[in-house]
Protein chains: 2
Amino acid sequence: MVTVGVMALGKDYATQECSIARALEIVGERWTLLVVRDALYGVRRYNDFLVHLGIPRAVLAARLQMLTEEGILEKRRYQESPPRDEYVVTDRGIALWPALRALGRWGREHYAETVLRLFQHAECGTELGSYGECPACGIVVPVEDVLMVPGPGLDPDPANPVSRALLRPKRLLQPIAVDQV
Amino acid sequence: MVTVGVMALGKDYATQECSIARALEIVGERWTLLVVRDALYGVRRYNDFLVHLGIPRAVLAARLQMLTEEGILEKRRYQESPPRDEYVVTDRGIALWPALRALGRWGREHYAETVLRLFQHAECGTELGSYGECPACGIVVPVEDVLMVPGPGLDPDPANPVSRALLRPKRLLQPIAVDQV
DNA sequence: GGTCATGGGTTCAATGACCGAACCTAGCCT
DNA sequence: AGGCTAGGTTCGGTCATTGAACCCATGACC
């Protein structure tokens with residue numbers, strides 16, 4: 001095969017004229033959408049992604065680099081000594097929220113036994129509707145006003161600190177506060 | 001690792017308590033969502049999937065079987081002699097439409113140069129809104145009332161007959177009519 | 001009756017992605 | 001000097017994906 005120019009890791013859906021295929025070329029690889037989900041939940045640090053996802057280190061590094069290059073995450077220095085970076089989700093990543101939510105609803109309705117997480121309008125506490133709207137206020141709730149609260153099906157005492165931090169109700173995008181024991 | 005019972009091809013996101021992860025275990029493999037997309041567009045036959053997707057035969061057979069076992073497609077005999085089957089999307093598959101549409105919008109807004117396809121409310125011709133609603137009628141349009149029309153960016157004379165059949169405006173779920181030359 | 005075309009597959013070797021474990025590095029802290 | 005932490009890279013083994021080739025039943029063509 002003769003490759004012309006750069007090709008993103010040989011994983012293109014070559015013949016497809018379709019924006020779904022374009023999207024899946026970017027976020028269709030294994031783990032990628034779960035990394036974006038965690039980023040929306042407020043996870044920002046390499047190590048937090050690692051322990052929360054249980055992903056191989058090499059794969060995580062590859063995904064973070066790709067998502068950064070694609071402008072879905074932004075790598076930013078948060079302390080100088082020792083130098084440490086965090087990965088913050090950008091507007092382009094935030095724009096994936098409707099797709100992630102639709103996937104999650106489908107998974108819950110067709111495969112999940114119990115409710116794991118609930119998403120509410122932070123202003124009024126109303127559970128979001130099927131397309132992310134607040135039935136009470138009649139608006140599509142912006143991501144930063146979505147409150148994530150644990151559902152009854154969630155393990156109340158998980159092993160890793162990131163999962164523990166995500167047990168507390170919190171707004172999306174707000175960085176998680178990992179408990180220092 | 002001790003595997004208890006049957007595990008779907010070693011591709012589980014083991015530690016994830018999350019309905020997004022549950023969904024991605026089912027439809028997160030390469031090609032799977034594109035097969036479902038084609039099924040929603042009205043593609044039903046093995047050979048039509050094959051030429052439209054440009055997917056390896058073995059992978060297509062594996063995906064069709066898995067989607068059938070998961071109740072997302074239904075395999076049904078449509079003629080006896082010679083025996084021929086088609087794969088028809090079920091309610092569970094139709095329920096993936098919001099997720100596919102959200103992914104497609106994201107791909108279009110962030111990566112596509114031109115508009116490839118438009119989706120309208122068949123009753124009134126109005127372009128659908130961001131979450132699949134008809135702005136004119138004020139309802140979320142059911143999938144069978146969505147009219148798909150080609151956009152300006154679509155190749156007007158594609159090589160394969162399935163792509164040609166999809167050039168004509170058509171409702172979702174309606175089987176495609178491949179032109180017999 | 002022999003040959004070919006069609007639909008729907010299976011088999012195969014080669015390649016590439018993913019996996020877990022081990023290792024590396026820089027900069028602190030004691 | 002030794003150890004810890006955050007953030008990686010390297011490596012051998014395994015598993016999935018790929019394209020090409022093969023198979024088989026039926027019906028159409030000559």
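Owing to the predicted nature of the structure, the values given are computational and were not obtained by experimental measurement. So that the names make sense, note that chain A is the first sequence line, chain B the second, and so on, each numbered from 1.
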Quiz item: In whole Å, what is the span from the CG atom of L64(B) to the C1' atom of dT10(C)?
Solution: 14 Å
Self-check item: ring pair (Phe, Tyr, Trp, His ring centres under 6.0 Å) contacts touching residues 131-173 of chain A (sequence neighbours left out)
Solution: Y131(A)-Y131(B)
Quiz item: When the distance from CZ of R77(A) to P of dA26(C) is rounded to whole Å, what number comes out?
Solution: 14 Å
Quiz item: Would you say a side-chain N or O of Y78(B) is under 4.0 Å from OP1 or OP2 of dG7(C)?
Solution: no
Exercise. Would you kindly confirm whether V141(A) and L147(A) end up in one hydrophobic cluster when ILVMFWY residues are joined by side chain heavy atoms under 4.5 Å apart?
Key: no
Practice problem: List for me each residue that meets side chain to side chain donor-acceptor pair (under 3.5 Å) alongside Q174(B), sequence neighbours excluded, and say none if there are none. | Solution: none
Quiz item: Which residue pairs satisfy the ring pair (Phe, Tyr, Trp, His ring centres under 6.0 Å) criterion with at least one member in residues 59-98 of chain A, sequence neighbours excluded?
Solution: W97(A)-F119(A)
Quiz item: Whole-Å distance between dA26(C) C1' and Q79(A) CD?
Solution: 12 Å
Self-check item: Partner set under salt bridge (charged side-chain N to carboxylate O under 4.0 Å, His left out) for D85(A), not counting sequence neighbours
Solution: R77(A)
Quiz item: Within less than 4.0 Å of OP1 or OP2 of dG8(D), is there a side-chain N or O belonging to K75(A)?
Solution: yes
Quiz prompt | Residues in contact with DNA chain C, drawn from residues 41-59 of chain A - heavy-atom cutoff 4.0 Å | solution = P56(A), R57(A), V59(A)
Quiz prompt | Residue pair C124(A) / A136(A): nearest heavy atoms and the distance that separates them | solution = SG-CB, 4.4 Å
Quiz item: Roughly how many Å is it from CZ in R63(B) to P in dT10(C), rounded to a whole number?
Solution: 14 Å
Quiz item: Closer to the 5' end of DNA chain C via nearest nucleotide, is it P82(A) or Q65(B)?
Solution: Q65(B)
Exercise. Could you list the residues that satisfy ring pair (Phe, Tyr, Trp, His ring centres under 6.0 Å) with H110(A), not counting sequence neighbours?
Key: W106(A)
Quiz prompt | Spacing of E25(A) atom CD relative to dA17(C) atom P, expressed in whole Å | solution = 14 Å
Quiz item: Taking only N and O in the side chain of W31(B), is any of them less than 4.0 Å away from OP1 or OP2 of dT18(D)?
Solution: yes
Exercise. Measure from OH on Y13(A) to C1' on dT17(D) and round the result to the nearest Å.
Key: 11 Å
Self-check item: Distance in angstrom units between R84(B) CZ and dA5(C) C1', rounded
Solution: 11 Å
Quiz item: Do any side-chain nitrogens or oxygens of Y87(B) fall under 4.0 Å of OP1 or OP2 in dG9(C)?
Solution: yes
Self-check item: dA17(C) phosphate, OP1 or OP2, under 4.0 Å from R30(B) side-chain N/O
Solution: no
Quiz item: In whole Å, what is the span from the CG atom of D85(A) to the C1' atom of dA6(D)?
Solution: 10 Å
